[in-house]
Amino acid sequence: MPEVTRDLLADLLDEIALLLELKGENPFKIRAYRNGAEVVRSFDGDIVQRAKDDDLKGIKGIGDALQQKLHELASTGLLEFHQNLKDEFPEGLFELLELQGLGPRKVKALYEELAIASLGALRRACEAGTVGALAGFGKKSEEKILTAIDAHERFSGRFLLAAVAPDAERILHLLRQHPAVNRAEIAGSYRRGKETVHDLDFLVATKEPATLTEFFARLEGTQEVLAQGSTKAAIHLQSGLQCDLRAISNAEWPFALMYFTGSKDHNVELRSRALKQKLTLNEYHLAPVEGAELEDPTPKIKEESEIYAEMGLQYIEPALRENRGEFKAAEEGALPRLVEQDNLRGTFHNHTTASDGRATLEEMANAAQELGLAYLGISDHSKSSFQANGLDEERLLAQVKAIRTLQTKFDDLDLYAGNEVDILRDGSLDFDDGILAQLDYVVASVHASFGLPEKEMTARLIKAMENPHVTMLGHLTGRLLLRRDPYLVNHEKIIDCAAETKTVIELNCSGKRMDMDWSWWRRARDRGVKCSINPDAHNVEGLQNLHFGIRVARKGWLRREDIVNCLSAVEMRNWLQTPKGQRD
DNA sequence: GCCGTTTTCGGCCCGACTGTTTTCAGTCG
C-alpha cells in the first residue's frame, strides 16, 4: 500500500476529474472534484488523519460523496471508484491530454473512433491521414497535432521561474518601448511569483491592438506562431516557452491585468463575490448585472487596486492571489505587509571551492559586498557528502580560521562561519556537538537516504532540529523542481517542531529548489517559525537568486519580521550570540 | 458533486481563437 499523504489524496481527486472528463460527465461534477483537490491541498490541519478518522464534516467543498471517498482512500490506500474508472481507459490517454490543443472530447473521439491510445499511434494516424477523416477533425488538425507531439517530446512544458526571467524581462522591455504601447505588464503565474511557469502572459494597453499582435508574432527568438488574431497572439520561443499576448484598451487595463494575473481560483471567487453585489466582472469591466439599479463603477476605475476597493476589499498583492485565504484577510483589513527585496540584509547557505562551489571564499565575499549585503554566511558540505567534496573536521576548522582572517579585510561585510551539515539516516549529525559549537551557525540538510517512509523521515528531521547547535533546516523536502519529487515529510509536524525548538526553516531559493514550498509558509509564520532566505549559491551568480527567493517568500505571506536575514548586521550578531532556545 | 442572507433544486465565471463548420464545438486561460 502506498503511503497516504496529502498530495496523494489531492492528486487522486484530480485524476478522477480527468477520467470523468474523458467519460463526458457533467462539467460541474468534474469541477467539484478539482475543487475538492484544491481544498485538500490547502487545508490547514492534518487532513490525512481527519480523512482516516472519517472526520471531514463541515469542510467547505467536501460534501458527502467526497468525504466517503477520501475516507476510503486514506484508510485503505485505494479507492474502488477510482480503480473502476481507471480500468475504462488505457494509460496512454493521459499523455494525449497533455498535448496542446487536445482536450478530453477530442481524445475521447480519437480513442473511440480510431482506438488511439498513445503518442506513437496518434502520430502514425495523423501521418496516414486517418485522423483528418474523423468528424470534427481536418487536415489542419493533423498538422497541429503533429506539431504538438513534437513540442511535447522536446519540452516537459514547464519552466523554472529563474530560467524564464531573462526572456520575460527582455520581451517586456521591447513591448514597453513600442510607440503604440501605453502600458505593458507580465501577468499570469509569473506575476504571482510561482516557482515554475507554464507560459508567459503579456498584456499591453494600446489603441492599435492588431499592430501589437503583429509585432509580437515577429519577436526575435520566436520559433513558431501558434495563433495571431486582432487582440490576441501566442508564440513559442526557441526555448520552447509559450508566450501569450493580449492587447486591450487603456480603459480595460485594470480589469484585464487582474483577469490575466489570476489565479483562476482567485478570479472565480472574485466574480462570485461581484455577483453577490449584483455586479458582473470580466476582463473588460465591472458592471451592474442586467436589471440591477446600480451606477456602473467601470468608468472611474483606473487601477487594479480600485477594483478591490469597489468590492470592499483591501488591495490583494498578485503574490497572494491563489484563493487561499486572501479574501477573508482582505475583508478584515488583515493582509500582511509583504517583505521586499530592499529588506534583505544578508544570507547564510552558500558554498565555496572548499566543497562543491565554483567560487573561492574571497570571491563570494566580494560578490556579497557588491550586492550590498551586510553579512554573508559560508556553509560548505560536511564529510558524508563525499560526492560534493564535503569537509572533514580538520578542513572545516581550517576554513573557520580562513574566514576569521578574511574578515579583517572587510569593514562593512560580516562573514559568518557555518556548515551545511548532513543529517544522517538516523537523524544524528555528521559532526559532533564539540565541532558544531565552534561555528557561528549550522544549516542541517538531508543529502542521502531519500526513500524513507514519511514517519521515519519526519522523525529524522525532528531529531536534527532538537540539536541546540542547528540554527536552521536546509531544503526541507530535497525536491528538484521538474526533476525530482520531494521526499516524504510531514510538514505540519516539522513546522510545530521548528516553532518549539526555535529552529529556523530555510527558504532555499536556488531556482531549482524553492524549498520549503510557498504554500506552507503562512502556516509556519502563524506558529512563529522564522524563515531564512538562502540562495544555496555554488557560484557568484547564485547569489542573484535571492531575488527569486523574495518573490516566493511574498507568495508565502511572509513579512520582513518573519525573515531572519532581514535583521540588520548588529541585530544579526546579537541574534546569533543568543542561545537558540531564547531567540525571538 | 457541492451549496444555500434569493434556492434542499437549480444553479455553478466567461470570452477569444481555431478549425470545421455554414452556426458551432472544443480548447484554452
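Quick caveat: nothing in here was measured; it's all calculated off a predicted structure. Each chain gets a letter, A, B and so on, in the order its sequence line appears, and its residues count up from 1. Just so you know, these numbers use all the heavy atoms, side chains as well, and skip hydrogens, waters and symmetry mates.
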Please list all pairs meeting ring pair (Phe, Tyr, Trp, His ring centres under 6.0 Å) that have one or both residues in residues 162-190 of chain A, counting only residues at least two apart or in different chains. A/His178-A/Phe215
Under 4.0 Å, heavy atoms only, any strand: does A/Leu20 hit a base, just the sugar-phosphate, or nothing? nothing
Among residues 307-327 of chain A, which ones have heavy-atom contacts with DNA chain B below 4.0 Å? none
What I'd like to find out is whether the side chain of A/Arg246 reaches to under 4.5 Å of the side chain of A/Glu283, using heavy atoms alone. yes
Should the pair A/Trp520 and A/His491 be assigned to parallel (<30°), tilted (30 to 60°) or perpendicular (>60°) ring geometry? parallel
With a 4.0 Å heavy-atom cut-off, tell me which residues in residues 27-35 of chain A come close to DNA chain B, sorted by residue number. A/Phe28, A/Lys29, A/Arg31, A/Ala32, A/Tyr33
Using the C1' atom on both, measure B/dG1 against B/dT5 and round to a whole Å. 24 Å
Measure across A/Thr222 and A/Gln238 and return the closest heavy-atom pair with its distance rounded to 0.1 Å. O-NE2, 4.1 Å
Counting the atoms with a prime plus P, OP1 and OP2 as sugar-phosphate, which does A/Arg271 contact under 4.0 Å by heavy atoms, base, sugar-phosphate, or nothing? base
If you assign A/Leu66 and A/Gly101 each to the DNA chain B nucleotide with the nearest heavy atom, which residue ends up on the more 5' nucleotide? A/Leu66
ring-ring contact (aromatic ring centres under 6.0 Å, His included) partners for A/Trp253, two or more places apart: none
Partner residues of A/His82 under the ring-ring contact (aromatic ring centres under 6.0 Å, His included) criterion, sequence neighbours left out: none
Of A/Ser230 and A/Gln67, whose closest DNA chain B nucleotide lies nearer the 5' terminus? A/Gln67
Sequence neighbours excluded, the answer for ring-ring contact (aromatic ring centres under 6.0 Å, His included) partners of A/Phe81 is none
Using a heavy-atom cut-off of 4.0 Å across all strands, would you classify A/Thr231 as base, sugar-phosphate, or nothing? sugar-phosphate
So for atom CZ, which belongs to A/Arg527, do other residues, nucleotides or ligands contribute more than 12 heavy atoms lying within a distance under 6.0 Å? yes
Check: residues 118-127 of chain A side-chain donor-acceptor pairs under 3.5 Å, at least two apart:
| from | atom 1 | to | atom 2 | distance (Å) |
| --- | --- | --- | --- | --- |
| A/Ser118 | OG | A/Ala121 | N | 3.1 |
| A/Arg123 | NH2 | A/Asp150 | OD1 | 3.2 |
| A/Arg123 | NH2 | A/Glu153 | OE1 | 3.1 |

Roughly how many Å apart are B/dT27 and B/dT20, using the P atom of each and rounding to a whole number? 13 Å
For B/dT6, glycosidic torsion class - syn if within 90° of 0, otherwise anti: anti
What integer number of Å spans the P atoms of B/dA16 and B/dT21? 24 Å
Before accepting this row, confirm whether a basic side-chain N of the pair A/Arg192/A/Glu322 lies closer than 4.0 Å to the acidic partner's carboxylate O. yes
In whole Å, what separates the P atom of B/dT6 from that of B/dC2? 23 Å
When all nucleic acid strands are considered with a 4.0 Å heavy-atom cut-off, which category describes A/Leu270: base, sugar-phosphate, or nothing? nothing
Which part of the nucleic acid, if any, lies within contact of A/Lys60, taking any heavy atom under 4.0 Å across all strands shown: a base, the sugar-phosphate backbone alone, or nothing? sugar-phosphate
Check whether any side-chain heavy atom of A/Asn323 sits under 4.5 Å from a side-chain heavy atom of A/Val268, and report yes or no. no
A/Ala109: what forms a side chain to side chain contact (heavy atoms under 4.5 Å, CB included) with it, not counting sequence neighbours? A/Phe137
Below 4.5 Å, heavy atoms only, C-beta onward: do A/Arg6 and A/Val40 meet side chain to side chain? yes
Extract, from 5' to 3' on DNA chain B, the first and final nucleotides lying under 4.0 angstrom from some heavy atom of chain A. B/dG1 to B/dG29
Please report the distance separating the C1' of B/dC3 from the corresponding atom of B/dT8, rounded so that it comes out in whole Å. 9 Å
Distance between P atoms of B/dC13 and B/dT18 (Å, rounded): 26 Å
Please name the nucleotide paired to B/dT8 by Watson-Crick or G-U wobble geometry with both distances under 3.5 Å, or report none. none
Mind checking the P distance from B/dC12 to B/dC17? Whole angstroms is fine. 25 Å
Nucleic acid contacts of residues 107-145 of chain A, taken as heavy-atom distances under 4.0 Å to DNA chain B: A/Gly136, A/Phe137, A/Gly138, A/Lys139, A/Lys140, A/Ser141, A/Lys144
Going by the rule ring-ring contact (aromatic ring centres under 6.0 Å, His included), which residues pair with A/Phe43 if we only count those two or more places apart in sequence or in a different chain? none
For A/Asp201, side chain to side chain contact (heavy atoms under 4.5 Å, CB included) partners two or more places apart: A/Ala187, A/Asp199, A/Asp244
